[in-house]
Amino acid sequence: MYPMAPLIRTALNTAARLAPGPAGRWAFHLFVRPLGRARLRSGEAALLASARTDRLRVRGKEVVTYAWGDGRRPVLLVHGWSSRASRLGAFAEELLARGYSPVAFDAPGHGDSSGRASNIVEYREIIRELHARHGDFEAVVAHSFGVLAALFALRDGVRTSRFVGLGGVGSFDLVLAGFQAGLGLDDRVMRAMRAHVERRLVPGEPGVWERFGADHAPDELGAPVLLFHDEDDDVVPLAQARFLAGAHGARARLVVTRGLGHRRILTDPDVVAEAVEFATAAAPEERAAGAREGVGSPAS
């Protein structure tokens, strides 16, 4: 819930009639600001302390990144909105135990990174930079808004062999609709905000609203997809996961859980185990090569 929502609603709806430019800019600044900064939980501190931390700069903001393992077989972990990298700690620990190298980050305005706000374009830039540093990812594991943002990056030059989405947002329109409904904004405000985004955030990127959606050009991902979504998720409707699964067709599989909600799904042992098993499974060509080389065959 936005603080002072009634006052903001009145001010923005009025301003959009008189001065749509400033109204769109103000609405955008609210839209990209997380509702609070998630704090580090006691059980997450040890894992972060064991990471190699680094910094990168995105649009003047310092982003904290984390890496574990020896650098081979990197797996990218992408947190959701108003969250932080450490929330995906259960996946990092299991990946490490299997000899993989988890990589994560706190988006601007989240966790230990600087700034008060972030957006899907900044997520894309961070993921691109981590891809340049670590190479192609064995898998990407993303939660909530991170699913939308990661798929945006994966259709724009970043490569992975597998994709896991948890409680994922599939449609950017859902994000916009939630913001509009939460503040009670009229359509004039939303049109002004869209114009601001096109002019300032993504100038020269035609069709960007369609490309923000996780269903856009799914063949460009070209990787198997495993989705988890809880039927009791009170943040992202289950319909979003079904929408995503439908968009990615035969490459996607959806697992519907019960009683985990939007956040406990990140720590459920069965979900973590199945997700990591999928993320670390050998590709068919690798299994075929192993069979030719006698890997795993009984001793004679």
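Just so it is clear, the model here is predicted, and its values are computed rather than measured.
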If you define the side chain from C-beta out and look only at heavy atoms, does anything of [X] sit under 4.5 Å from [Y]?
X	Y	answer
Ser86	Arg41	no
Leu185	Phe31	no
Thr14	Arg17	yes
Met193	Phe179	yes
Thr65	Val103	no
Asp268	Thr257	no
Asp233	Leu238	no
Val175	Trp81	no

Can you tell me how far [atom2] of [Y] sits from [atom1] of [X], rounded to the nearest 0.5 angstrom?
X	Y	atom1	atom2	answer
Asn13	Leu18	CG	CG	11.5 Å
Asp270	Ile265	CG	CD1	11.5 Å
Leu88	His79	CG	NE2	8.5 Å
Leu12	Gln180	CG	CD	11.5 Å
Asp112	Leu48	CG	CG	7.5 Å
Arg211	Glu205	CZ	CD	4.5 Å

For this session: Assess whether side chain to side chain contact (heavy atoms under 4.5 Å, CB included) is satisfied between Val202 and Val197, documenting all intermediate values.
Result: CA-CA 6 Å; Val202 286; Val197 168; 4.0 Å; yes
For this session: Run the salt-bridge test on Glu277 and Arg98 with the 4.0 Å N-O cut-off and return the result as yes or no.
Result: yes
Exercise. Should Arg263 and Asp230 count as an ion pair when the cut-off is N to O under 4.0 Å?
Worked result: no
Output yes when a side-chain donor or acceptor of [X] lies under 3.5 Å from a complementary backbone atom of [Y], and no otherwise.
X	Y	result
Arg155	Leu151	yes
Asn119	Val32	no
Arg194	Trp209	no
Thr267	Arg264	yes
Arg37	Gly111	yes
Gln240	Val169	no
Ser114	Glu62	yes
Ser101	Arg73	no
Asp232	Arg258	no
His29	Ala27	no

Exercise. Crowded around Arg133 CZ? As in, over 12 foreign heavy atoms under 6.0 Å?
Worked result: yes
For this session: Can you establish whether the number of heavy atoms outside Arg72 located under 6.0 Å from its atom CZ is more than 12?
Result: no
Should [X] and [Y] be counted in the same cluster of Ile, Leu, Val, Met, Phe, Trp and Tyr side chains packed under 4.5 Å apart?
X	Y	value
Val140	Leu227	yes
Leu244	Phe172	yes
Phe278	Leu96	no
Val225	Val256	yes
Ile120	Leu221	yes

Considering all heavy atoms of both residues, which atom of [X] and which atom of [Y] are nearest to each other, and what is their separation?
X	Y	answer
Ala247	Asp215	CB-CB, 3.6 Å
His229	Val236	NE2-O, 2.8 Å
Arg116	Pro34	O-CD, 3.1 Å
Gly60	Arg57	O-NH2, 2.6 Å
Leu226	Ala275	CD2-CA, 4.3 Å
Leu174	Pro237	CD2-CD, 4.0 Å

Problem set entry | Donor-acceptor side-chain pairing of Trp68 and Glu93 below 3.5 angstrom | no
Exercise. Between Leu77 and His143, is a side chain to side chain contact (heavy atoms under 4.5 Å, CB included) present by the stated rule, with each step listed?
Worked result: CA-CA 8 Å; Leu77 308 177; His143 177 232; over 6 Å; no
Exercise. Which of these, Arg128, Arg59, Lys61, sits in a salt bridge (Lys or Arg N to Asp or Glu O under 4.0 Å) with Glu122?
Worked result: Lys61
For this session: Walk me through it: do Glu274 and Phe228 pass the test side chain to side chain contact (heavy atoms under 4.5 Å, CB included)?
Result: CA-CA 10 Å; Glu274 186 172 356; Phe228 294 88; 3.9 Å; yes
Problem set entry | From CA spacing to verdict: side chain to side chain contact (heavy atoms under 4.5 Å, CB included), Arg55, Val64 | CA-CA 5 Å; Arg55 304 285 192 279; Val64 179; 3.9 Å; yes
For this session: Classify the ring geometry between Phe137 and His131 as parallel (under 30°), tilted (30 to 60°) or perpendicular (over 60°).
Result: tilted
For this session: Determine the interplanar angle of the Phe152 and Phe212 rings, folded into 0 to 90°, and report it as parallel if under 30°, tilted if 30 to 60°, perpendicular if over 60°.
Result: perpendicular
For this session: Examine Tyr123 together with Phe145 and report whether their ring centres are nearer than 6.0 Å.
Result: yes
